[in-house]
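These notes concern the structure reproduced below.
Only a predicted model underlies this, so the values are computations on that prediction, with no experimental measurement involved. In what follows, chains carry the letters A, B, and so on, assigned in the order in which the sequence lines appear, proteins first and then strands, with residues in each chain numbered from 1. These values consider heavy atoms only, across backbone and side chains, with no hydrogens, waters or symmetry-generated copies.
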Protein chains: 2
Amino acid sequence: MGVVRKTKHLEQVLRVFRQSSDPLSARMLLDALPNEVNKSTVYRMLDKLEDDGVIHSFMTLEHIRFYALCKGCSSGQRVDSHAHFQCTSCKRVSCFSDEIVLPIPEKARITSVQVLFTGQCQSCLS
Amino acid sequence: MGVVRKTKHLEQVLRVFRQSSDPLSARMLLDALPNEVNKSTVYRMLDKLEDDGVIHSFMTLEHIRFYALCKGCSSGQRVDSHAHFQCTSCKRVSCFSDEIVLPIPEKARITSVQVLFTGQCQSCLS
DNA sequence: ACATTGTTGCAACCCAGTTGCATTAATTTT
DNA sequence: AAAATTAATGCAACTGGGTTGCAACAATGT
């Protein structure tokens with residue numbers, strides 16, 4: 001189905017994503033939006049944007065879903081092995097710039113791969 | 001901290017894991033245990049087993065945590081890039097037999113990598 | 001057998017995410 | 001431009017995975 005109408009909220013959501021270098025959770029997005037938006041609305045927008053291939057999502061080990069813009073993902077053949085990283089100390093989530101090359105197994109029809117590295121980031125190490 | 005005492009529940013949990021070829025969620029484990037066990041107890045056992053490096057966990061896209069025995073993982077230097085697969089149709093989760101070789105990024109001290117393939121499994125394709 | 005202390009069960013709780021429904025607002029039709 | 005259509009929104013209640021504090025219980029050391 002996906003997004004059909006251009007609403008103010010939608011524009012604001014996209015602006016927040018564009019301005020953020022890191023992936024965002026629904027909560028973070030909710031806090032970042034300029035005016036009050038209901039959380040159901042935010043979840044619904046995120047769902048639709050993901051359906052449309054505008055953003056993609058992945059789960060962190062704290063069972064929180066994070067969303068990020070699909071920059072390179074051609075929404076047709078999407079095996080975007082784009083990887084993410086979460087620092088176990090500060091919990092911050094970020095994207096890995098390098099594309100990860102993964103061997104796609106034969107056994108199944110793979111449509112996506114999510115890769116999450118965990119460990120300590122630079123600033124938490126020092 | 002980890003597990004200290006050998007209780008009946010603990011033995012049963014380990015038996016269930018050994019008998020299962022697939023990773024298990026807390027709920028599935030709860031259902032598979034022969035006698036009634038409180039869910040808090042199960043979650044606590046899982047936490048401790050993971051601390052001890054006996055099992056490892058990962059999140060599915062439905063934000064459910066799955067656990068599996070660490071077969072090859074030496075609990076010392078553990079960058080176990082063991083991959084999992086979830087079928088988007090039947091939701092079943094399984095382990096990939098092939099070890100995935102991943103380039104470990106320099107920027108951070110990586111301690112673990114989780115890889116989750118999603119798509120359709122053999123039986124759902126036919 | 002007893003003391004110690006890790007483990008369990010219980011109930012209440014937290015929080016991410018969902019749902020049904022009435023209302024509002026973006027688009028289309030006239 | 002106003003009316004009709006229908007997607008998007010807000011609200012409140014709900015679901016379900018996972019956690020927590022505490023009293024009761026049971027595995028281990030002496």
Side-chain angles (χ1 to χ4, degrees), chain A residues 1-17 23-52 54-68 84 86 88 91-93 114 116 118, chain B residues 1-16 23-52 54-68 84 86 88 91-93 114 116:
Chain A
M1 197 195 244
V3 179
V4 178
R5 293 179 184 181
K6 287 170 194 167
T7 73
K8 280 187 180 176
H9 287 164
L10 186 67
E11 290 170 29
Q12 288 172 345
V13 165
L14 290 176
R15 190 174 313 130
V16 170
F17 271 116
L24 301 168
S25 66
R27 176 116 315 249
M28 292 162 78
L29 181 59
L30 220 34
D31 295 340
L33 285 170
N35 35 7
E36 284 297 308
V37 185
N38 191 273
K39 66 170 181 170
S40 312
T41 306
V42 165
Y43 281 115
R44 283 190 279 235
M45 283 192 286
L46 290 171
D47 280 353
K48 290 181 179 174
L49 287 172
E50 189 167 18
D51 277 356
D52 289 356
V54 177
I55 59 179
H56 60 272
S57 75
F58 60 96
M59 301 295 302
T60 64
L61 286 177
E62 283 88 7
H63 61 90
I64 294 174
R65 191 177 230 119
F66 274 74
Y67 300 84
H84 302 97
Q86 183 171 33
T88 51
K91 309 297 180 196
R92 191 177 149 184
V93 176
Q114 58 168 314
L116 181 67
T118 47
Chain B
M1 198 199 243
V3 178
V4 179
R5 294 183 184 177
K6 288 170 193 167
T7 72
K8 279 186 179 176
H9 286 164
L10 185 68
E11 291 171 27
Q12 289 172 345
V13 165
L14 291 175
R15 190 174 313 131
V16 170
L24 300 168
S25 66
R27 175 115 314 248
M28 293 162 76
L29 182 59
L30 220 33
D31 294 341
L33 284 171
N35 35 7
E36 284 298 307
V37 185
N38 192 273
K39 67 169 181 171
S40 312
T41 306
V42 164
Y43 280 116
R44 282 189 280 233
M45 284 192 285
L46 289 171
D47 281 352
K48 290 183 179 172
L49 286 172
E50 190 166 18
D51 277 357
D52 289 356
V54 177
I55 59 179
H56 60 272
S57 74
F58 60 96
M59 300 296 301
T60 64
L61 287 176
E62 284 88 7
H63 60 91
I64 295 174
R65 191 178 230 118
F66 274 74
Y67 300 84
H84 302 96
Q86 183 171 33
T88 50
K91 308 298 180 196
R92 190 177 150 183
V93 175
Q114 58 169 314
L116 181 68

To the nearest 0.5 Å, what is the distance between [atom1] ([X]) and [atom2] ([Y])?
X	Y	atom1	atom2	result
B:F66	B:S57	CZ	OG	11.5 Å
B:H63	A:M59	NE2	CE	6.0 Å
B:M45	B:L33	CE	CG	6.5 Å
B:L10	B:R15	CG	CZ	10.5 Å

Closest-nucleotide mapping onto DNA chain D: is B:Y67 or A:V37 further toward the 5' terminus? I mean the 5' end.
A:V37

Nearest heavy atom decides the nucleotide; on that basis, is B:M59 or B:K8 closer to the 5' end of DNA chain D?
B:M59

Just how far, in rounded Å, is [atom2] of [N] from [atom1] of [X]?
X	N	atom1	atom2	value
A:R44	C:dT24	CZ	C1'	13 Å
B:E62	C:dG17	CD	C1'	13 Å
A:K39	D:dA12	NZ	P	12 Å
A:I64	D:dG17	CD1	C1'	13 Å
A:K91	C:dA16	NZ	P	14 Å
A:R65	C:dG17	CZ	C1'	9 Å
A:L10	C:dA25	CG	P	17 Å
B:E50	D:dG18	CD	P	11 Å

Of the listed nucleotides ([options]), which one gets closest to any side-chain atom of [X]?
X	options	answer
B:A26	C:dT7, D:dG18, D:dT28	D:dG18
B:N38	D:dA8, D:dG10, C:dG9	C:dG9
A:T7	D:dT9, C:dT8, D:dG17	D:dT9
A:Y43	D:dA7, C:dG17, C:dT7	C:dG17

Could you go step by step and tell me if B:L61 and A:Q114 meet the side chain to side chain contact (heavy atoms under 4.5 Å, CB included) rule?
CA-CA 9 Å; B:L61 287 176; A:Q114 58 168 314; 3.1 Å; yes

DNA chain C: 5'-proximal contact among B:H9 and B:H63 (nearest heavy atom)
B:H9

Considering only heavy atoms and no angle criterion, is a donor-acceptor pair shorter than 3.5 Å present between the side chain of B:S40 and the base of C:dA12?
no

